[in-house]
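By convention in this document, chain letters (A, B, ...) are assigned in the order of the sequence lines, proteins followed by strands, and residues within each chain are numbered from 1. Note that the coordinates shown come from a computational prediction; the quantities given were computed from them, not determined experimentally.
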Number of protein chains: 2
Amino acid sequence: MPNQLFNSNTTRADSVFTDLRTRIVEGEITPSSKLSEPELAKYYQISRSTLRDALSRIEACGLVERKANIGYRVVALSTEGLLELFQVRESLEGMACRLAAQNMSENQIVQLNELLNIHQQDEPLQRGQGYIQQEGDLDFHYQIVMGSGNKQLIRLLCEELYYLVRMYRYQFGMPSPRAKRAFNEHQNIIQAITDKDGELAEILMRRHIAASRLNVEKRMNVNE
Amino acid sequence: MPNQLFNSNTTRADSVFTDLRTRIVEGEITPSSKLSEPELAKYYQISRSTLRDALSRIEACGLVERKANIGYRVVALSTEGLLELFQVRESLEGMACRLAAQNMSENQIVQLNELLNIHQQDEPLQRGQGYIQQEGDLDFHYQIVMGSGNKQLIRLLCEELYYLVRMYRYQFGMPSPRAKRAFNEHQNIIQAITDKDGELAEILMRRHIAASRLNVEKRMNVNE
DNA sequence: ATTGATAAAAGTGTCGACAATAATATTTGT
DNA sequence: ACAAATATTATTGTCGACACTTTTATCAAT
């Protein structure tokens, strides 16, 4: 359907992979819904082979699941799954933050501070409105993970879990009351990184993510 | 080549995936080596399509890498990569251990203790000889991760990282001097889990893995 | 002999078709 | 009318072939 999708220098499977991933993350393709290979292949006007190529990569991101002889299905979202995701992030990003404090170059630290300045001047973001705040938040976490220099961490977080995180945010929304507080926590984390205090940086990051998780847990209990 | 490989109730791609994964993990297919699709397809007497299906799943395990128009290549192993893997394990398994202390059933804890008893009675394992010790060690870690009940953790560790861990062990060997000490650390970890002390369990597991990492780092500095 | 351009070979990306399995619709028996 | 068994349809698994890209081999020129 989207016509000018294959005009780059990448493969067709690559383009479809990227597009499909976005449509799943943003909820255009509903969670838990079945994916029909013939249907999708027709939609993108490609063969089932290249579609399957794209789908297998999306499966590696954890966005779809596959059963033999049954096919692909978008993952199901649940509050339990969201909490599990927070726990994994708490441990992984905590470690990433520790390593970032040890390994980030001066230049990278400057860039991180600049990102925070942008966030500070952005009014709606400060109020935690809209999904801009969410993306801004992920940018921050993203840069720290990249700064860790650990390829496994980068792969697990930036190429897998973060897509699921964004998917949850599109579907469940973001706890806005924490926006202002979250910004302050970001500031403290950067301070620890600037001081090259890896131990503290890890603790602060873990608390930062745990606070978000507890916020969700609180909302959970209210709504049941 | 291996004749009776397809006699189960799974798909061909599934069988090839499992077999190929083992051959890569155990080093029969050398790290960093190029994988020729026609060659492998001929070896397994399957079409390239189903081979690619198997390969894409192996890529999801992080055992091979793929470049567009170039093909698949077994991942390169390096001491830096091994240290990065330790850091990821330290954070993930630390969290898994904390959750295991909170969530494991009585039955699961009993089973964990039984595993340790088996290890205690196994003489060569106590001396840390051969790869039996290695597999026994992984069994222990495996059970704890499963006991965490966190599906993301289980997926990341048991279905991805542990295969790479085993691949490194086959290639680099295992630091034997730590065998006895490692066993004692396992005991202490189980004690914390039995006491349902999640905080302590996490700390002990992190130290346990960090100790292995430091051991490797020490050997690294000697050999250079 | 070495380098650069050109041609041949091999390899990956993509396609459409058939086979095997699962899901659906129909028939049959009570 | 309902249930179980059967037949039909649709979907996934697998295959072989062709197109395009990369690599290797050949050749030309200095």
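The residues Lys196(B) and Glu106(B) are annotated as salt-bridged, a charged nitrogen and a carboxylate oxygen being separated by less than 4.0 angstrom. For Arg155(B) and Glu159(B), the salt-bridge test fails: no basic side-chain N is under 4.0 Å from an acidic carboxylate O.
Rounding to whole angstrom units, CG of residue Asp14(A) and C1' of dT12(C) are separated by 14 Å. Protein atom OH of Tyr72(B) is 13 Å distant from nucleotide atom C1' of dG11(C), rounded to whole Å. Following rounding to the nearest Å, Gln45(B) (CD) and dT14(D) (P) show an atom-to-atom distance of 15 Å. To the nearest angstrom, C1' of dG13(D) lies 11 Å from CZ of Arg57(B). Ile70(A) places its CD1 atom 19 Å from the P atom of dA20(C), with the value rounded to the nearest Å. Atom CG of Leu40(B) and atom P of dA10(C) are 17 Å apart (whole Å). We find that NZ of Lys67(A) is positioned 15 Å from C1' of dA23(C), with the value rounded to whole Å. Protein atom CG of Asn69(A) is 9 Å distant from nucleotide atom P of dA23(C), rounded to whole Å.
No more than 12 heavy atoms of other residues, nucleotides or ligands sit less than 6.0 Å from atom NZ of Lys151(B). Few gaps surround OH on Tyr162(A); more than 12 heavy atoms of other groups in view lie less than 6.0 Å from it.
Note on Ser49(B): a base of the nucleic acid sits closer than 4.0 angstrom, heavy atoms only. Using a 4.0 Å heavy-atom cutoff across all strands shown, Leu51(A) reaches no nucleic acid atom at all.
In this structure, of dT14(C), dG11(C), dG13(D), it is dG11(C) that holds the atom nearest to the side chain of Pro38(B). Checking dT21(C), dG13(C), dG16(D) against the side-chain heavy atoms of Glu37(B) singles out dG13(C) as nearest. Closest to the side chain of Ile46(B), from the set dG11(C), dC15(D), dG13(D), is dC15(D).
Checking the phosphate oxygens (OP1, OP2) of dC15(C), a side-chain nitrogen or oxygen of Thr50(A) falls inside 4.0 Å.
Nearest-nucleotide assignment on DNA chain C puts the 5′-proximal partner with Leu35(B), out of Leu35(B) and Ser47(A).
Ser212(A) and Phe86(A) make their closest contact through CB-CE2, 3.5 Å (heavy atoms, listed as atom of the first residue, atom of the second, distance).
Evaluation of atom-type donor-acceptor distances gives a pair under 3.5 Å for the side chain of Arg48(A) against the base of dG13(D). Taking 3.5 Å as the limit, the base of dG13(C) and the side chain of Arg52(B) contain no donor-acceptor pair of atoms between them.
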